[in-house]
Amino acid sequence: MSACRDVVIVGGGAIGASAAFHLVADPGFDGAVTVIERDPRHTRSATALSVASIRTQFSQPGNVAMSLHGADVIRRFPQITATEDGPGPDLAFHEAGYLTLAATGAGAETLRANHAVQVASGADVALWSPDDIAAAFPHLRTDDLMLGAYGRSNEGWFDNMGMLSGYRRAARARGATFVPGDVTGLVRDGPRVCGVVLADGSEIAAGAVVNAAGTRAGQVGAMAGLRLPVGPRKRTVFVFDCARSPEGSATVAKGRLPLLVDPSGVYCRPEGRGFVTGAAPDPDPEVAFDDFEPREAEFDDVIWPALAARSEAFEAIRVQARWVGHYEWNAFDQNLLLGAHPDAPGLVSACGLSGHGLQQAPAVGRAVAEIVLYGATRAIDLSDFGVARVDEGRPLTERAVI
């Protein structure tokens, strides 16, 4: 950092709020933190519109490690984010697992390769035969399946807004400031980034600027002359109920159903008395920042046929609601872009997680604080996720993107 010890964070979603908390909670930090958020009510933020799930079923060891840390934080969140006013929020962790299915030889080999990485990284994931799957979840049709991967612990879903509000509350209690505003430029001293310019023309000086701007992170990077291939991809989420719910019928996890990832790409998990479901569209183009119009046809054309084929219980279902959220899609390799670039010291990127940002926000926020304060990550080695890999043409591709 420069002589200025203050830090400005662009973006106040889960990653920005986590970074703010970890900075002000670190005894080695003696500056001020300002978080600037253009959507202070979070009506269109990825955090608020997430399906709020967490999994360890990734193909990159760093992603497994970040999600394992995330699961631990979710369990202990009330204590971690406690203030003088009391404990932080309970994130209501539904630890019901993920069940990822493969129906082809290639799909099964991918599950096996990913499983080897997951187990070596400490994840509690089991590979199951079709008979194993049918025994655990009797409502599922398994005749076409070759293999499944089931997360026995550290996977499920939780309270997304509880995480955001808990980090914000705890960061504020330790001195961080959250302000509404739109960053339109960066202040430079030679190549070094040393502040931000807001839409009203005011400037805020900083020893470090954190780019946690989500889908707009590419725009912030461009202000420093960096190519960050991050932009919005639209995901329509449908909420449905069914005439005969299979929830409670499992022979594992106290009868609870997992988040199911069908070979078709359709996912589905319980939500209260119903279910939430969705799928990545094909094609999957970048969309406008203000495009939140649901793709209604996805349910009838893709999602319902896949669900009905997988379970008799899903043959008679009815859509109750739908919403649209945006992934901050990293078109280069669908993975975290982290740290400073040699061409723009002082700007620390934390973006591009392509749908797994919320679950990894605890680890990424901690990593940002470590980079700002100590120059590198410490608790988890995330050096492979360095932002310079884009210019170097060195992709770190994540095969398990949902």
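FYI, side chains are in, hydrogens and waters are out, and symmetry mates aren't considered; it's all heavy atoms of this structure.
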Query - Stepwise side chain to side chain donor-acceptor pair (under 3.5 Å) test for Arg399 and Thr110 - result: CA-CA 8 Å; Arg399 295 189 299 269; Thr110 297; 5.5 Å; no

Report task. Would you check, one step at a time, whether the test salt bridge (charged side-chain N to carboxylate O under 4.0 Å, His left out) holds for Arg44 with Asp39? Result -> CA-CA 7 Å; Arg44 289 187 167 181; Asp39 178 18; over 6 Å; no

**Report entry** Stepwise side chain to side chain donor-acceptor pair (under 3.5 Å) test for Gln57 and Thr100
**Finding:** CA-CA 9 Å; Gln57 293 185 48; Thr100 308; 2.9 Å; yes

Report task. Carefully, step by step, assess Asp131 and Ser129 under the rule side chain to side chain donor-acceptor pair (under 3.5 Å). Result -> CA-CA 5 Å; Asp131 287 344; Ser129 70; 5.1 Å; no

Report task. With side chain to side chain donor-acceptor pair (under 3.5 Å) as the test, would you mind laying out the steps for His326 and Asp291 before giving the verdict? Result -> CA-CA 9 Å; His326 286 174; Asp291 181 359; 5.7 Å; no

**Report entry** Test log, rule ring-ring contact (aromatic ring centres under 6.0 Å, His included), inputs Phe238 and Phe275
**Finding:** CA-CA 8 Å; Phe238 297 90; Phe275 294 83; over 10 Å; no

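The heavy-atom pair separating Asn160 from Ala52 by the smallest distance is CB-CB, 3.7 Å. The shortest non-hydrogen separation linking Ala102 to Leu111 is CB-CD1, 3.7 Å. Nearest heavy-atom pair across Phe137 and Pro258 is CE2-CD, 3.4 Å. Considering every non-hydrogen atom in both Val220 and Ala213, the closest pair reads CG2-CB, 3.8 Å. Across all non-hydrogen atoms, the minimal contact from Pro362 to Gln359 is CD-O, 3.7 Å.
When atom types are taken as modelled, the side chain of Ser121 and the backbone of Val117 share a donor-acceptor pair closer than 3.5 angstrom. A donor-acceptor pair is defined here as one N or O able to donate and one able to accept, closer than 3.5 Å; such a pair exists between the side chain of Thr251 and the backbone of Ala135. Judged purely by atom type and a 3.5 angstrom limit, Asp262 has no side-chain atom pairing as donor or acceptor with the backbone of Tyr267. Within the 3.5 Å criterion, the main-chain N or O of Val64 finds no donor-acceptor partner in the side chain of Ser67. When atom types are taken as modelled, the side chain of Ser249 and the backbone of Glu247 share no donor-acceptor pair closer than 3.5 angstrom. Looking only at distances, a side-chain donor or acceptor of Thr236 sits under 3.5 Å from a matching main-chain atom of Arg295. With hydrogens and angles ignored, the 3.5 Å screen pairs a side-chain donor or acceptor of Asn335 with a backbone N or O of Leu396. Side chain of His115 to backbone of Val125: a donor-acceptor contact under 3.5 angstrom is found. Put simply, the side chain of Arg394 never gets that close to the backbone of Val390: no donor and acceptor are under 3.5 Å apart.
For Thr56, the side-chain hydrogen bond (donor to acceptor under 3.5 Å, both in side chains) partners at least two apart in sequence or on another chain are Glu155.
Separation of atoms CZ (Arg172) and OG1 (Thr83) is listed at 12.5 Å; rounding is to 0.5 Å. In this structure, CG on Leu307 lies 6.0 Å from CZ on Phe314, to the nearest 0.5 angstrom. We find the CE-CD distance between Met66 and Gln60 to be 9.5 Å, quoted to the nearest 0.5 Å. Atoms CG and CD, on Leu68 and Gln118 in that order, are 10.0 Å from each other to the nearest 0.5 Å.
By the 6.0 Å and 45° rule, Arg216 stacks over the aromatic ring of Phe289. Relative to the ring axis of Trp323, Arg235 does not place its NZ or CZ within 45° and under 6.0 Å from the centre. By the 6.0 Å and 45° rule, Arg322 does not stack over the aromatic ring of Phe299. The side-chain tip of Arg378 points at the ring of Tyr374 from less than 6.0 angstrom away and within 45° of straight on.
Ring geometry, His22 versus Tyr167: the interplanar angle falls from 30° to 60°, so the pair is classed tilted. The aromatic rings of Trp329 and Tyr327 lie parallel to each other, with less than 30° between the two planes, well short of the 60° mark.
Comment: Lys234 does not engage Glu293 in a salt bridge, judged by the lack of any side-chain N to carboxylate O separation of less than 4.0 angstrom.
By the 4.5 Å heavy-atom criterion applied to side chains, Val372 and Val348 are counted as neighbours. Two residues are said to be in side-chain contact when any heavy atoms from C-beta on lie closer than 4.5 Å; Ser59 and Thr397 fail this criterion. Contact annotation: the side chain of Leu358 never approaches that of Val51 to less than 4.5 Å [non-hydrogen atoms, C-beta and beyond].
The ring of Trp128 has its center closer than 6.0 angstrom to the ring center of Tyr150.
Partner Glu95 forms a salt bridge (charged side-chain N to carboxylate O under 4.0 Å, His left out) with one of Arg55, Arg152, Arg75 and no other, that one being Arg75.
Between the side chains of Arg233 and Asn330, no donor-acceptor pair is found at a separation under 3.5 Å. A donor-acceptor contact closer than 3.5 angstrom is absent between the side chains of Thr215 and Glu328. Under 3.5 Å, the side chains of Arg141 and Ser311 contain no donor-acceptor pair of N or O atoms.
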